[in-house]
Amino acid sequence: EPEVTQTPSHQVTQMGQEVILRCVPISNHLYFYWYRQILGQKVEFLVSFYNNEISEKSEIFDDQFSVERPDGSNFTLKIRSTKLEDSAMYFCASRGTSGGPKFFGPGTRLTVL
Amino acid sequence: QKEVEQNSGPLSVPEGAIASLNCTYSDRGSQSFFWYRQYSGKSPELIMFIYSNGDKEDGRFTAQLNKASQYVSLLIRDSQPSDSATYLCAVSISGGSNYKLTFGKGTLLTVNP
């Protein structure tokens with residue numbers, strides 16, 4: 001069964017460093033998303049991406065964040081200068097059709113020291 | 001502010017019983033409703049989705065939607081210890097092609113052998 005994959009599974013970084021989280025969505029999906037979940041809290045929407053551009057972003061997704069689809073398979077989330085409060089699980093998700101269900105990747109646990 | 005509310009639990013049921021999980025949402029324009037299961041430290045796993053008023057059954061799971069009451073529920077029949085997890089209600093807010101999900105905090109379900 002097709003699945004969303006994410007790398008790395010765990011990333012530890014120093015405050016102020018740049019990190020890139022990688023995702024490979026399900027191959028025939030067109031809509032891509034990043035969500036995050038701070039430990040013990042709700043899953044929160046960060047950004048949606050369709051047709052090679054951001055279609056919506058939350059207030060969390062400030063200038064320190066960017067997304068890119070550098071080739072036909074990968075979808076990345078970059079945090080330029082990490083802060084302690086960026087420590088969270090970051091989930092990539094994709095879906096095939098408008099309004100259809102989303103499938104989540106296994107997540108990247110980001111720890112900012 | 002668009003909210004999705006769930007009883008955080010924990011909800012404890014004996015093995016073989018019916019577990020009933022409830023969710024209310026504030027945005028009347030919501031169109032799509034999803035139930036995800038999340039094991040500790042793992043990503044959300046899609047269980048069911050429902051778009052129309054009424055019941056939708058899939059194996060041991062039944063999703064119920066009442067748009068007039070802004071209420072969606074998940075019934076798990078013949079509960080098994082492996083069903084022990086946090087159940088996340090997610091609502092897709094209407095508009096555009098983004099269909100970002102707004103999640104509730106989740107209900108922790110414990111099925112006792």
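Order of the sequence lines fixes the chain letters, A, B, ..., with proteins taken first and strands second; residue numbering starts at 1 for each chain.
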Could you tell me whether A:Asp63 atom CG has more than 12 heavy atoms of other residues or ligands within 6.0 Å of it? no
Just how far is it from atom NZ of A:Lys42 to atom CD of B:Gln6, taken to the nearest 0.5 Å? 8.5 Å
Would B:Leu11 end up clustered with B:Trp35 when hydrophobic side chains under 4.5 Å apart are linked, directly or stepwise? yes
Part of B:Lys105 lying under 4.5 Å from any heavy atom of chain A: both
Which atoms of A:Tyr35 are under 4.5 Å from chain B, going by heavy atoms: the side chain, the backbone, both sets, or neither? side chain
Examine whether an atom of A:Gln37 lies under 4.5 Å from a heavy atom of chain B, and if so say whether it belongs to the side chain, the backbone or both; otherwise answer neither. side chain
Honestly curious: do B:Leu75 and B:Phe61 fall in one hydrophobic cluster under the side-chain, below-4.5 Å linking rule? no
According to a 4.5 Å side-chain heavy-atom criterion applied to Ile, Leu, Val, Met, Phe, Trp and Tyr, with indirect links allowed, do A:Phe103 and A:Val43 form part of one hydrophobic cluster? yes
Should A:Val112 and A:Phe61 be regarded as members of a common hydrophobic cluster, given that ILVMFWY residues are connected when their side-chain heavy atoms come within less than 4.5 Å of each other, either directly or indirectly? yes
Just wondering, are more than 12 heavy atoms of other shown residues or ligands nearer than 6.0 Å to CG in A:Leu113? yes
Calculate, to the nearest 0.5 Å, the distance between atoms CD and OG belonging to A:Glu3 and B:Ser43 respectively. 9.5 Å
Measure the shortest side-chain to side-chain distance between B:Thr102 and A:Phe45 over non-hydrogen atoms and say whether it is less than 4.5 angstrom. no
Spacing of CZ belonging to A:Phe104 relative to CG belonging to B:Leu101, to within rounding of 0.5 Å: 5.5 Å
Mind checking whether B:Ile18 and B:Val111 sit in one hydrophobic cluster, side chains of I, L, V, M, F, W, Y counted as touching below 4.5 Å? no
Spell out the residues in residues 76-92 of chain A that have some non-hydrogen atom less than 4.5 Å away from a non-hydrogen atom of chain B, in order of number; otherwise answer 'none'. A:Met89, A:Phe91
Less than 4.5 Å to any heavy atom of chain A: does that hold for the side chain of B:Gln38, its backbone, both, or neither? side chain
Most heavy-atom pairs under 4.5 Å with chain A, out of B:Pro44, B:Gly106, B:Gly104, belong to B:Pro44
